[in-house]
Amino acid sequence: MAEKLLPVRNYDLAATLTSGQAFRWRLVDGAWQGVIGRQFVRLKQVQDGILVNAPLPSSAEEYLQTNVDLAAVIATFPEDVPMQAAVKACWGLRLLRQDPWECLASFILSSTKQIVQIQQIVRAVCECYGETIPGSPMNTFPSAEKLAALTEENLRACKMGFRAPYLLETARIVANRKLDLESLRRMKTIEARAALTELPGVGEKIANCVLLFAYGFQDAFPVDVWVQKALKQLYFPKRKPSKERLIKFIQTHFGPNAGYAQQYLFHYMRTRYDQAD
DNA sequence: TCAGACCCTCACAG
DNA sequence: ACTGTGAGGGTCT
């Protein structure tokens with residue numbers, strides 16, 4: 001087990017790992033435990049960056065996106081009051097770069113679920129069908145091939161309810177190479193989004209989550225109930241804009257890093273903003 | 001465009 | 001302690 005310091009400033013590790021982009025991180029004895037690919041990883045925020053404890057610590061660099069210049073990203077945000085409040089309240093919040101399959105499967109499981117519940121389901125899926133990692137308390141996230149070979153009943157045993165057939169069908173499509181998740185990297189946002197929404201259980205919102213959290217399409221902007229609430233309350237306190245109107249607003253207002261801005265608004269609403277409606 | 005259904009769990013009333 | 005109720009990072013028909 002090796003240890004390495006990834007030097008980085010302006011990185012709030014706890015906020016990033018608990019902000020609803022990834023669902024497997026747990027704080028144990030002052031360190032964040034999780035799995036990246038096939039490695040069990042422990043992360044610690046220290047003075048000069050993030051301390052990574054893993055067999056191959058440098059592989060966490062890509063996942064954590066420690067090379068991103070956060071100040072430069074935030075400089076592209078609009079200078080309106082709500083956005084600046086979110087930035088101030090959530091300083092150091094980052095976007096991860098996750099494995100596409102794990103991200104896709106996890107967000108199929110996310111629909112109308114609280115984040116705690118998503119974490120529970122994902123955990124059950126990994127404990128039941130993931131592969132053990134020698135010398136580690138956690139399993140890998142099960143591959144599409146592994147899930148494709150299961151039954152709907154097998155999946156329902158993990159308490160995912162009506163999401164089970166969606167996940168199963170999507171796993172089969174991915175395992176059969178009817179959709180190559182790697183090929184999306186070379187596509188434009190709009191094409192990649194179209195490919196993802198072909199999948200059962202994947203609509204605009206979940207597609208945008210995968211585009212943003214796994215592929216790094218910075219212009220993907222997931223609109224869920226929280227962000228919708230944020231946009232309405234913060235930007236249209238009096239009017240009652242349609243969802244169409246909101247989408248238009250998003251596309252023109254938030255700039256090239258709209259996805260990053262979205263994560264700030266989401267986290268801000270969920271953790272800081274007084275939600276008296 | 002617009003409900004309603006969809007599984008299940010947990011928080012919170014009473 | 002018990003039962004009832006509502007809602008939760010949506011999608012499909």
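Owing to the predicted nature of the structure, the values given are computational and were not obtained by experimental measurement. Sequence lines set the chain letters: A, B, ... in the order given, protein chains first and strands last, and positions in each chain run from 1.
- Residue pairs meeting the side-chain hydrogen bond (donor to acceptor under 3.5 Å, both in side chains) criterion with at least one member in residues 122-131 of chain A, sequence neighbours excluded: A:R38-A:E131, A:R123-A:E127.
- Counting non-hydrogen atoms under 4.0 angstrom, A:Q262 reaches a base of the nucleic acid.
- Spacing between B:dT1 and C:dC12 at atom C1', rounded to whole Å, works out to 15 Å.
- For the P atoms, the distance linking C:dG9 with B:dC12 amounts to 14 Å, nearest Å.
- We find that CD of A:Q120 is positioned 11 Å from C1' of B:dC8, with the value rounded to whole Å.
- Closest non-hydrogen pair, A:L246 versus A:P241, comes out as CD2-CG, 4.0 Å.
- Taking a 4.0 Å limit (strictly below) on heavy-atom distances, residues 162-175 of chain A reaches DNA chain C at A:F162, A:Y166.
- Contacts between residues 148-161 of chain A and DNA chain B, counted as heavy-atom distances below 4.0 Å, involve A:R156, A:K159, A:G161.
- Evaluation of the side-chain hydrogen bond (donor to acceptor under 3.5 Å, both in side chains) test over residues 163-172 of chain A, restricted to residues two or more places apart or in two chains, returns A:S111-A:R163, A:T112-A:R163.
- No side-chain N or O of A:T197 forms a donor-acceptor pair with one of A:E204 less than 3.5 Å apart.
- On the P atoms, B:dC7 is 22 Å away from C:dG4, given to the nearest whole Å.
- If you check every strand for non-hydrogen atoms under 4.0 Å, A:L199 touches sugar and phosphate atoms only.
- Sparse packing is recorded around CG of A:D29, with 12 or fewer heavy atoms of other residues, nucleotides or ligands lying under 6.0 Å away.
- Between A:Y260 and A:F254, the ring center distance fails the sub-6.0 Å criterion.
- For the side-chain hydrogen bond (donor to acceptor under 3.5 Å, both in side chains) with A:D219, the lone residue among A:T189, A:N257, A:N208 that qualifies is A:T189.
- Separating the CD1 atom of A:I108 from the P atom of B:dC7 is a distance of 16 Å, rounded to the nearest angstrom.
- Within 6.0 Å of the NZ atom in A:K44, the count of heavy atoms belonging to other residues, nucleotides or ligands does not exceed 12.
- Rounded to whole Å, atom P of B:dC7 lies 14 Å from atom CD1 of A:I121.
- A ring-ring contact (aromatic ring centres under 6.0 Å, His included) with A:F23 is found for exactly one of A:F141, A:F213, A:F107, namely A:F107.
- Residue-level contact check: A:T197 touches neither bases nor backbone, having no heavy atom under 4.0 Å from any strand.
- Within 4.0 Å (heavy atoms only), A:G20 reaches at least one base atom of the nucleic acid.
- Between the A:W101 side chain and the A:P142 main chain, a donor and an acceptor come within less than 3.5 Å of each other.
- Looking at A:Y264, its side chain does come within 3.5 Å of a backbone N or O of A:L93 through a donor-acceptor pair.
- Applying the 6.0 Å contact sphere to CD1 of A:I190 captures no more than 12 heavy atoms from other residues, nucleotides or ligands.
- Protein chain A contacts DNA chain C over a range whose 5' and 3' limits, counting nucleotides with an atom under 4.0 angstrom from a non-hydrogen atom, are C:dG8 to C:dC12.
- A:Q21 contributes a side-chain N or O that, together with a main-chain N or O of A:R94, makes up a donor-acceptor pair within less than 3.5 Å.
- Using modelled atom types, no side-chain atom of A:Q84 and backbone atom of A:V81 make a donor-acceptor pair closer than 3.5 Å.
- Nearer the 5' end of DNA chain C, as judged by each residue's closest nucleotide, is the contact made by A:F107, out of A:F107 and A:P200.
- Contacts of A:V223 with the nucleic acid, taken as non-hydrogen atoms under 4.0 Å apart, are absent.
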Taking Watson-Crick and G-U wobble contacts under 3.5 angstrom, with | marking pairs to another strand and [ ] crossing pairs, the secondary structure of DNA chain C is written .|||||||.||||
